[in-house]
Amino acid sequence: MHAVVLHTFGPAENLRYETVEDPVPGPGQVRVTVKAAGVHFVETVMRSGKDDGLTPPLPELPAIFGGEVAGVVDAVGPDVDAVWIGRDVVTRFGKPGGYAELAVADLSSVREIPAELDYEAAVAMIVTGVTALELLYIAKLTPHDVVLVTSAAGGIGRLAVQYARDLGATVIGAAGGPAKVAAVRELGADLAVDYNEPGWEKAVDGVTVVLDGVGGEKAQAAYDRIVPGGRFLIIGAASQQEFTPDPDRDVTVVNALLMLLEGLPDAPDFEGQALAAAAEGKLVPTVQAFPLSQAAAAHAALESRATTGKVVLVP
Ligand SMILES: NC(=O)c1ccc[n+]([C@@H]2O[C@H](COP(=O)([O-])OP(=O)(O)OC[C@H]3O[C@@H](n4cnc5c(N)ncnc54)[C@H](OP(=O)(O)O)[C@@H]3O)[C@@H](O)[C@H]2O)c1
């Protein structure tokens, strides 16, 4: 099969489209012909070889990145019912990695794709959709909340804006540049602001909750707009910069990312919920697709903030 292999940490062009051995499904596993594979911002940081404590541990090389794939089961392990062959499925645990034409996964990790969803939407929901639901679960928004979402035109951001609106909260979406701001407005945000413009935060008032995946200066400006008693949820730091909350302020800072990594106790079935919400049209994922052979371009686009919505690779 073809796969995208990283042999040396470094720039995006180090991602090589190569021929590797087909994976074989073992006991309890199915093999999937990949139709769409998810790409994550954090994978660009890992690919570069940065090990700053903010990202997961670096993989051993050579490595095939990714794990979430949607596609068609084309083979099953020795003890798996052949009835699975031909079914449309999605999983977050594809091996040897998601950036490939074929992936194997434990049957227990596989979900059938609802008929209403295409492969790209399914793969967008299985991790990024789930993360958005988890973030909103931790945030416990009420219709009285005024929520500010940073990177609001991004993979998580777009879903968070839709979900927060659905809950009845007032939603402010902040994103970089006029095109992204227009997209956030179209999603139904009550206010959409361009946080590349100096002083953007002055247009923002009465914020009770911030959902932030950017960090650095933008997070700082968002934090400063929170009213006493409010909360600031961290889901990532795309800027790779931290910000320093003021310990004397009456604002609760929640490291939601850490909570997710540690596992939420008594969590509902977020995968099922995320797929159902998209199937029902309650949450509409926006996808930016690149050919699998162009994985390096997908990484470069993510790093240069040129993407919007969820980035996927299509073999
Ligand atoms: N997707 C997931 O499942 C998941 C899971 C756990 C954590 N996270 C974290 O949550 C955050 C959002 O994830 P996402 O997948 O939805 O990504 P994303 O928002 O689609 O992409 C990253 C965005 O961050 C913004 N950004 C601001 N400063 C940046 C910089 N210096 N370099 C690059 N981008 C910058 C850009 O949007 P603007 O141009 O609008 O600023 C960029 O498009 C990230 O920190 C990610 O690591 C994501």
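Everything numeric in this text was worked out from a predicted model, so none of it was measured.
Clustering of Ile, Leu, Val, Met, Phe, Trp and Tyr by side-chain heavy atoms under 4.5 Å joins Val184 with none of the others. The hydrophobic cluster containing Val204 also includes Val146, Leu148, Ile172, Leu191, Val193, Tyr195, Trp200, Val207, Val210, Val214, Tyr223, Ile226, Phe232, Ile234, Phe243, Val251, Val253, under a criterion of side-chain heavy atoms closer than 4.5 Å among ILVMFWY residues, counted directly or through chains of members.
Of the inter-residue distances, the one linking Glu303 atom CD with His299 atom NE2 reads 7.5 Å to the nearest 0.5 angstrom. The CG atom of Leu187 sits 5.5 Å away from the CD atom of Gln162 when rounded to the nearest 0.5 Å. Atom CG in Asp212 sits 11.5 Å away from atom CG in Leu257 (nearest 0.5 Å). Once rounded to the nearest 0.5 Å, the distance linking OG1 of Thr55 with CZ of Phe41 reads 10.5 Å. Between the CZ atom in Phe270 and the OG1 atom in Thr131 there is a gap of 10.0 Å [rounded to 0.5 Å]. With values rounded to the nearest 0.5 angstrom, Tyr99 atom OH is found 6.0 Å from Leu313 atom CG.
A side-chain donor-acceptor contact under 3.5 Å links Asp194 to the backbone of Gly177. Remark: side-chain polar atoms of Glu201 are not paired, donor with acceptor, to backbone N or O of Ala221 under 3.5 angstrom. Proximity of a side-chain donor or acceptor of Ser109 to a complementary backbone N or O of Ala105 within less than 3.5 Å is not detected. Looking at Ser304, its side chain does come within 3.5 Å of a backbone N or O of Ala301 through a donor-acceptor pair. Between the side chain of Asn14 and the backbone N or O of Thr8, at least one donor-acceptor pair lies under 3.5 Å.
More than 12 heavy atoms of other residues, nucleotides or ligands sit less than 6.0 Å from atom CD of Glu18. The local environment of CD in Glu280 is crowded, with over 12 non-hydrogen atoms from other residues, nucleotides or ligands closer than 6.0 Å.
Hydrophobic clustering places Leu133 together with Met259 (ILVMFWY residues linked when any side-chain heavy atoms are closer than 4.5 Å, directly or through intermediates). In the hydrophobic clustering of this structure, Val130 does not group with Val110; members are Ile, Leu, Val, Met, Phe, Trp, Tyr whose side-chain heavy atoms approach within less than 4.5 Å, directly or through other members. Hydrophobic cluster membership is shared by Leu136 and Val171, with clusters built from Ile, Leu, Val, Met, Phe, Trp and Tyr side chains linked at under 4.5 angstrom. Using a 4.5 Å cut-off between side-chain heavy atoms of Ile, Leu, Val, Met, Phe, Trp and Tyr, with links allowed through other members, Val284 and Leu275 fall into different hydrophobic clusters. Criterion: ILVMFWY side-chain heavy atoms under 4.5 Å apart, direct or through other members. Under it, Val314 and Val123 are part of a common hydrophobic cluster.
The closest side-chain donor-acceptor pair between Gln240 and Lys50 falls under 3.5 angstrom. Side-chain contact annotation: Arg158 with Thr308, donor-acceptor N/O pair under 3.5 Å present. Using modelled atom types, one finds no donor on one side chain facing an acceptor on the other under 3.5 Å when comparing Tyr17 with Gln294.
Taking 4.0 Å as the cut-off between side-chain N and carboxylate O, Glu112 and Arg87 count as a salt-bridged pair. Taking 4.0 Å as the cut-off between side-chain N and carboxylate O, Asp190 and Arg185 do not count as a salt-bridged pair. Comment: Arg231 does not engage Asp250 in a salt bridge, judged by the lack of any side-chain N to carboxylate O separation of less than 4.0 angstrom. For Glu120 and Lys310, the salt-bridge test fails: no basic side-chain N is under 4.0 Å from an acidic carboxylate O. Ionic pairing of Glu197 and Lys202 is not present here: no N-O contact between side-chain nitrogen and carboxylate oxygen is shorter than 4.0 angstrom.
The shortest distance between side-chain heavy atoms of Ile156 and Ile235 falls below 4.5 Å. With contacts defined as side-chain heavy-atom distances shorter than 4.5 Å, the pair Arg111/Asp269 qualifies. The closest side-chain heavy-atom distance from Leu107 to Gln29 is not below 4.5 Å. A 4.5 Å side-chain heavy-atom check between Leu211 and Val147 finds at least one atom pair inside the cut-off. Proximity of Leu102 to Val34: side-chain heavy atoms (C-beta onward) are nowhere separated by under 4.5 Å. For the pair Pro23/Met1, a side-chain contact is recorded, criterion being any heavy-atom separation below 4.5 Å from C-beta on. Between Val76 and Val73 the shortest side-chain heavy-atom distance falls below 4.5 Å. In this structure the side chain of Val30 never reaches within 4.5 angstrom of the side chain of Val104, judged on heavy atoms.
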task: Take Phe9 and Arg47 through the test side chain to side chain contact (heavy atoms under 4.5 Å, CB included) and record every step on the way to the result.
output: CA-CA 5 Å; Phe9 294 114; Arg47 184 219 67 232; 5.8 Å; no
message: Checking His40 against Glu68 for the side chain to side chain donor-acceptor pair (under 3.5 Å) test, could you report, in this order, the C-alpha distance in whole Å, the side-chain angles of both residues, the deciding distance, and whether it holds?
response: CA-CA 10 Å; His40 282 273; Glu68 70 220 55; 2.7 Å; yes
task: List the steps and the verdict of side chain to side chain contact (heavy atoms under 4.5 Å, CB included) for Arg31 and Asp22.
output: CA-CA 10 Å; Arg31 187 171 71 183; Asp22 291 358; 4.0 Å; yes
field: side chain to side chain contact (heavy atoms under 4.5 Å, CB included) assessment of Arg92 paired with Val127
entry: CA-CA 7 Å; Arg92 62 196 303 182; Val127 177; 3.6 Å; yes
task: Apply side chain to side chain contact (heavy atoms under 4.5 Å, CB included) to the pair Val4 and Ile64, showing each step before the final yes or no.
output: CA-CA 6 Å; Val4 175; Ile64 300 173; 5.7 Å; no
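Taking every heavy atom of both residues into account, Ala256 and Leu135 meet most closely at CB-CD1, 3.8 Å. Between Val69 and Ala37, the closest heavy-atom pair is CG1-CB, 4.2 Å. Between Leu141 and Ala164, the shortest heavy-atom contact is CD1-CB, 3.6 Å. Across all non-hydrogen atoms, the minimal contact from Gly66 to Glu43 is CA-OE2, 3.5 Å. Here the closest heavy-atom approach between residue Pro315 and residue Glu101 is recorded as CB-CG, 4.0 Å. Taking each heavy atom of Val287 and Ala124 in turn, the nearest pair found is CG2-CB, 4.1 Å.
Remark: Lys95 is not positioned above the aromatic ring of Phe93, lacking an NZ or CZ atom under 6.0 angstrom from the ring centre and at most 45 degrees off the axis.
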